[in-house]
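Data first, discussion second: the structure below is written as structure tokens.
Each residue takes its place number in the sequence, starting with 1.
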Amino acid sequence: FSLAANLRPGAEQKVVFITARVHPGETPSSFVCQGIIDFLVSHHPVAKVLRDHLVFKIAPMLNPDGVYLGNYRCSLMGFDLNRHWANPSPWAHPTLHGVKELIIDMYNNPKINLEFYIDIHAHSTMMNGFMYGNIFEDEERFQRQAVFPKLLCQNAEDFSYSSTSFNRDAVKAGTGRRFLGGLLNDTSSCYTLEVSFYSYLVGGTASAVPYTEEAYMKLGRNVARTFLDYYRLNSLVEGPLAPTPKTR
């Protein structure tokens with residue numbers, strides 16, 4: 001057993017933080033997150049390179065009580081947790097409070113670079129997978145925000161860059177993507193990853209392909225693989241690139 005370079009004492013860690021299911025009714029987000037997790041812990045050569053160079057922190061269900069109760073959007077207490085990132089209460093929004101404290105602790109740790117925050121959701125009216133990102137006055141930072149979704153669009157046939165948008169709409173100010181985009185420094189990229197509840201269009205065709213559990217998990221695997229391209233780690237993969245393994 002050899003300890004990955006990013007986990008050795010004193011090593012600087014590049015962290016990717018992923019959350020899902022803050023809205024209980026958005027079940028596809030759990031399948032996408034499952035695809036990410038299953039791929040990252042697999043024996044795939046790409047997954048091994050990613051584990052050696054990045055630290056993935058994943059909170060797969062931010063709203064467990066809402067999911068248990070069968071709520072569509074709110075927690076047990078009746079809160080839309082994705083509007084309370086600015087000041088979450090340890091009593092009323094305990095999962096959000098705990099995750100936010102962990103993120104702030106990592107942000108304040110000089111040995112950690114929190115480089116990505118991705119919050120996974122599902123969308124009831126739009127097709128495909130797509131992202132929401134933030135707008136910044138700094139043009140270079142704004143342009144850098146577009147790199148990951150552009151690379152993901154090349155890797156995933158169901159991901160649409162044309163549906164991806166960057167905004168600072170006031171109604172979303174309390175979301176994870178908006179709040180953390182304002183809190184973290186310019187080396188961090190914060191996104192909401194949306195995926196359709198029902199179908200996607202492939203390559204400009206007009207025929208919609210219905211989503212399945214496996215298709216959602218495949219999008220998750222492609223999200224994970226895209227970090228290989230983003231960090232230009234392709235040359236470190238041993239042997240020819242095997243196809244991404246199917247989960248389940």
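- Going from atom CG of Asn113 over to atom OG of Ser188 covers 7.5 Å, rounded to the nearest 0.5 Å.
- Linking Ile, Leu, Val, Met, Phe, Trp and Tyr whenever their side-chain heavy atoms come within less than 4.5 Å puts Val22 and Leu102 in one cluster.
- Take Asp65 and apply the salt bridge (Lys or Arg N to Asp or Glu O under 4.0 Å) test, not counting sequence neighbours, and it matches no residue.
- From Asn128, atom CG reaches atom OG of Ser162 across 7.5 Å, with rounding to the nearest 0.5 Å.
- The side-chain heavy atoms of Val209 and Val202, taken from C-beta on, include a pair separated by under 4.5 Å.
- With values rounded to the nearest 0.5 angstrom, Lys100 atom NZ is found 13.5 Å from Leu62 atom CG.
- Applying the side-chain hydrogen bond (donor to acceptor under 3.5 Å, both in side chains) test to His97 and every residue at least two apart in sequence or in another chain returns nothing.
- Met126 and Tyr216 fall into different hydrophobic clusters, where Ile, Leu, Val, Met, Phe, Trp and Tyr side chains are chained together by heavy-atom contacts under 4.5 Å.
- Contacts of Arg51 classified as side-chain contact (heavy atoms from CB on, under 4.5 Å), with partners at least two apart in sequence or in another chain: Ala47, Lys48.
- For Ser89, there are no side-chain hydrogen bond (donor to acceptor under 3.5 Å, both in side chains) partners two or more places apart in sequence or in a different chain.
- Tested against Phe56, the residues Phe39, Phe227, Phe17 include a single ring pair (Phe, Tyr, Trp, His ring centres under 6.0 Å) partner, Phe227.
- Between Phe197 and His123, the distance from one ring center to the other does not fall under 6.0 angstrom.
- With sequence neighbours excluded, the residues satisfying side-chain contact (heavy atoms from CB on, under 4.5 Å) with Ser199 are Met127, Ala208.
- Shortest non-hydrogen contact noted between Pro94 and Pro90 is CB-O, 3.4 Å.
- Two different hydrophobic clusters hold Tyr68 and Phe79 under the rule that ILVMFWY side chains link at heavy-atom gaps under 4.5 Å.
- Residues passing the side-chain hydrogen bond (donor to acceptor under 3.5 Å, both in side chains) test with Ser163, sequence neighbours excluded: Ser160.
- How far CE of Met131 is from OG1 of Thr164: 7.5 Å, rounded to the nearest 0.5 Å.
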message: Asn167 vs Arg177, test: side-chain hydrogen bond (donor to acceptor under 3.5 Å, both in side chains). Steps then yes/no.
response: CA-CA 11 Å; Asn167 58 63; Arg177 183 257 310 180; 3.2 Å; yes
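- Without hydrogens or angle criteria, Asp80 side chain to Asn82 main chain gives a donor-acceptor distance under 3.5 Å.
- Qualifying salt bridge (Lys or Arg N to Asp or Glu O under 4.0 Å) partners for Glu139, counting only residues two or more places apart in sequence or in other chains: none.
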- prompt: When you look at Leu193 and Val32, which way does the side-chain contact (heavy atoms from CB on, under 4.5 Å) test go after all the steps?
  reply: CA-CA 10 Å; Leu193 172 62; Val32 174; 4.1 Å; yes
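- A continuous path of ILVMFWY side-chain contacts below 4.5 Å connects Leu40 to Leu236, so both sit in one hydrophobic cluster.
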Name the atoms and distances for all side-chain donor-acceptor pairs under 3.5 Å in residues 24-31, with sequence neighbours left out.
residue	atom	partner	partner atom	Å
Glu26	OE1	His121	ND1	3.1
Glu26	OE1	Ala122	N	3.0
Glu26	OE2	His23	ND1	3.2
Ser29	OG	Arg21	N	3.4
Ser29	OG	Glu26	O	2.8
Ser30	OG	Arg21	NH1	2.8

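- For Ile112, the side-chain contact (heavy atoms from CB on, under 4.5 Å) criterion is met by Gln13, Val15, Met106, Asn109, not counting sequence neighbours.
- Contact annotation: the side chain of Trp91 approaches that of Met77 to within less than 4.5 Å [non-hydrogen atoms, C-beta and beyond].
- At a threshold of 4.5 Å between non-hydrogen side-chain atoms, the residues Ser207 and Leu201 do not count as touching.
- One finds a salt bridge joining Arg221 and Glu214 here, because a Lys/Arg side-chain nitrogen approaches an Asp/Glu carboxylate oxygen to under 4.0 Å.
- For the side-chain contact (heavy atoms from CB on, under 4.5 Å) test, residues two or more places apart in sequence or in another chain that qualify with Gln145 are Phe136, Arg141, Phe166, Ser189, Tyr191.
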Using residues 147-159 as the side-chain source, report each donor-acceptor pair under 3.5 Å to any protein atom, sequence neighbours left out, with the distance given to one decimal.
residue	atom	partner	partner atom	Å
Asn155	ND2	Thr226	OG1	3.0
Asn155	ND2	Asp229	OD2	2.8
Asp158	OD2	Tyr211	OH	2.6

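- The shortest heavy-atom contact between Tyr161 and Ala146 is OH-CB, 3.4 Å.
- Applying side chain to side chain donor-acceptor pair (under 3.5 Å) to Tyr231 and the options His53, Glu115, Lys14 leaves one that passes, Glu115.
- Rounding to the nearest 0.5 Å places OG1 of Thr95 at 6.0 Å from CG of Asn63.
- Taken to the nearest 0.5 Å, the CG atom of Leu180 stands 9.5 Å off from the CG atom of Asn134.
- Between Phe130 and Tyr132, the ring center distance clears the sub-6.0 Å criterion.
- Partners of Thr19 under the side-chain hydrogen bond (donor to acceptor under 3.5 Å, both in side chains) rule, at least two apart in sequence or in another chain, are Tyr117, Asp119.
- Close placement of the Tyr230 and Phe116 rings is indicated, their centers lying within 6.0 Å of each other.
- Transitive grouping of hydrophobic side chains (ILVMFWY, heavy atoms separated by less than 4.5 Å) keeps Leu219 and Met61 in distinct clusters.
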